[in-house]
Amino acid sequence: PERQGFSQFFGYYHQVHAHYYFPEYLIDSGRKVPLPNTGFYQKHRSSGPIDTKAPQTQSDYAFAPYRIVEQMHAFIRDHKDQPFFCYVPMNIPHSRYEIPNTDPAWLAYKDKPWTTNEKVYAAFCSLADRQIGETLALLDELQLSENTLVVFCSDNGGAFPSKTFEPSISLRGHKGSLYEGGIRIPFIARWPNHISAGATCDRVVYFPDLMPTLAELTGTQTAVPADIDGVSFAPELLGKTVERTERYLYWEWNGQHFFDEYKPIRQAVRKGDWKLVRHELNGTWELFDLATDPKESKDLAGTHPKLVEELDQWVATHRIPHRPQQEPDRHDGQEWR
């Protein structure tokens, strides 16, 4: 990140490393910072609540989500007197479901009649909620709230359903799917005296729109590349009505994303309320009308062949192959740098 325009960075370099909540080190702007977690994986081999006392030294293991948020708050305090951009990709809930057994979020759910993973999942969601609340309270304390735009969103659709939880609610699919349950996510923005509390907007936006939106709000449009797909939705955030022309939105999913070779296996394209989905390259498209069928339960491809052809041709004409994945050397058999 510090080679991509960030002045400071604290966390994981590699997304596989970020699957672990008690790593032996994190990265501080290019420098490895050792954590007191040596021997952790010899003691803990499964998910669940973690006794954070090291068996030999009785010192506390370091829970990475705590450390990252501490660094985030320090960054905000250090930059309270100047403009700043703070990006925090939280890695909870994800992968190994490990949480300190003293965390209030775990204590709130530990006696529920659920599986261990369900209880940790719920605790992770509550932990994230608590940390976001602490961040908003810090902005209030520093008298920055009215001059700070806070955005919260997920990186993909809901987790896999369980007996207790259905994260995608009524939508079809989940994380990894290109049905709405896999790509439609919460997006919440807070900016007192600029964004009306409780306001909603039904404009369809996606992640490429964030850069031009933030650039417009900060007066830095000249820094935005001319060839990106994103379109600013700053007017809608501020409660303005803007006439928009329909555009195409495109997604693809690489099922082998842990490996060097990029091989997309699923694709989706949307124009207005019409959406195509297919589950293999050159496979058969499914067509859905999201206005009348948000659950994507009725495939209309057979009754609208010209629309399928139009959207298919758009994908064939506009899709650009992904650049090669460049993985760092993996030392001593580990999966990350």
Side-chain angles (χ1 to χ4, degrees), residues 9-12 15-28 33-77 86-141 150 152-156 158-167 175 185-186 188 190:
F9 168 78
F10 187 85
Y12 308 85
Q15 67 104 354
V16 176
H17 193 197
H19 284 55
Y20 297 85
Y21 298 112
F22 292 88
E24 294 191 355
Y25 65 88
L26 290 171
I27 303 293
D28 186 352
V33 178
L35 299 178
N37 294 336
T38 301
F40 177 84
Y41 288 108
Q42 283 68 44
K43 179 185 179 185
H44 298 283
R45 295 287 185 176
S46 59
S47 61
I50 298 298
D51 179 359
T52 57
K53 292 292 183 183
Q56 296 179 341
T57 64
Q58 287 300 297
S59 60
D60 287 332
Y61 288 124
F63 185 51
Y66 291 167
R67 295 293 183 92
I68 291 171
V69 169
E70 288 168 3
Q71 291 292 319
M72 171 181 69
H73 290 172
F75 175 87
I76 293 173
R77 289 185 183 278
C86 183
Y87 169 55
V88 189
M90 307 174 84
N91 62 329
I92 53 175
H94 196 215
S95 196
R96 289 184 66 115
Y97 276 18
E98 304 162 331
I99 190 170
N101 61 4
T102 56
D103 189 281
W106 166 253
L107 297 177
Y109 297 103
K110 69 181 183 66
D111 295 324
K112 295 288 185 180
W114 306 337
T115 67
T116 298
N117 274 4
E118 289 174 331
K119 290 187 283 188
V120 176
Y121 175 82
F124 275 158
C125 292
S126 292
L127 170 58
D129 190 46
R130 184 180 83 225
Q131 291 181 325
I132 293 165
E134 292 168 350
T135 304
L136 297 180
L138 175 62
L139 295 176
D140 289 341
E141 174 195 330
V150 178
F152 173 83
C153 55
S154 174
D155 65 334
N156 48 240
F160 295 95
S162 68
K163 290 183 178 179
T164 304
F165 298 112
E166 175 43 86
K175 174 183 175 179
I185 60 173
I188 305 170
R190 173 187 185 261

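Only a predicted model underlies this, so the values are computations on that prediction, with no experimental measurement involved. Numbers here simply count residues along the sequence, with the first being 1. In what follows, every heavy atom counts, from backbone to side chain, and hydrogens, waters and symmetry copies are set aside.
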Report the distance from atom [atom1] of [X] to atom [atom2] of [Y], rounding to the nearest 0.5 Å.
| X | Y | atom1 | atom2 | value |
| --- | --- | --- | --- | --- |
| Y109 | T116 | OH | OG1 | 15.5 Å |
| T52 | D60 | OG1 | CG | 4.5 Å |
| I188 | I132 | CD1 | CD1 | 8.0 Å |
| M90 | S154 | CE | OG | 11.5 Å |
| N117 | S162 | CG | OG | 9.0 Å |
| D129 | Q131 | CG | CD | 10.0 Å |

Is the side chain of [X] donor-acceptor paired with the backbone N or O of [Y] at a distance under 3.5 Å, no angle test?
| X | Y | result |
| --- | --- | --- |
| Q71 | I68 | no |
| N91 | A18 | yes |
| N37 | A62 | yes |
| K119 | K110 | yes |

May I ask you to test the [X]-[Y] pair for a side-chain heavy-atom distance under 4.5 Å?
| X | Y | value |
| --- | --- | --- |
| H17 | P23 | yes |
| E134 | M72 | no |
| C125 | P93 | yes |
| H73 | T135 | yes |
| L26 | F10 | yes |
| I50 | F22 | yes |
| V150 | L139 | yes |
| R67 | E70 | yes |

Between [X] and [Y], is the ring centroid distance below 6.0 Å?
| X | Y | result |
| --- | --- | --- |
| H94 | Y20 | no |
| F124 | Y21 | yes |
| F63 | Y66 | yes |
| F165 | W114 | yes |

Side chain to side chain contact (heavy atoms under 4.5 Å, CB included) assessment of L107 paired with T102
CA-CA 7 Å; L107 297 177; T102 56; 5.6 Å; no
At their closest point, which heavy atom of [X] faces which heavy atom of [Y], and how far apart are they?
| X | Y | value |
| --- | --- | --- |
| I92 | A128 | CD1-N, 4.0 Å |
| Y12 | A64 | OH-CB, 3.1 Å |
| P89 | Y87 | CD-O, 3.6 Å |
| Y61 | T38 | CE2-O, 4.2 Å |
| R130 | P104 | NH1-CD, 3.7 Å |
| W106 | P100 | CB-O, 3.9 Å |

Modelled atom types, side-chain donor and acceptor of Y121 and T164, under 3.5 Å:
no
Under 3.5 Å, is there a donor on one side chain and an acceptor on the other for E98 and S47?
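No, because no side-chain N or O of E98 sits under 3.5 Å from a partner of the opposite role on S47.
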Begin from the C-alpha positions of K112 and E118 and carry the test side chain to side chain contact (heavy atoms under 4.5 Å, CB included) through to its verdict.
CA-CA 9 Å; K112 295 288 185 180; E118 289 174 331; over 6 Å; no
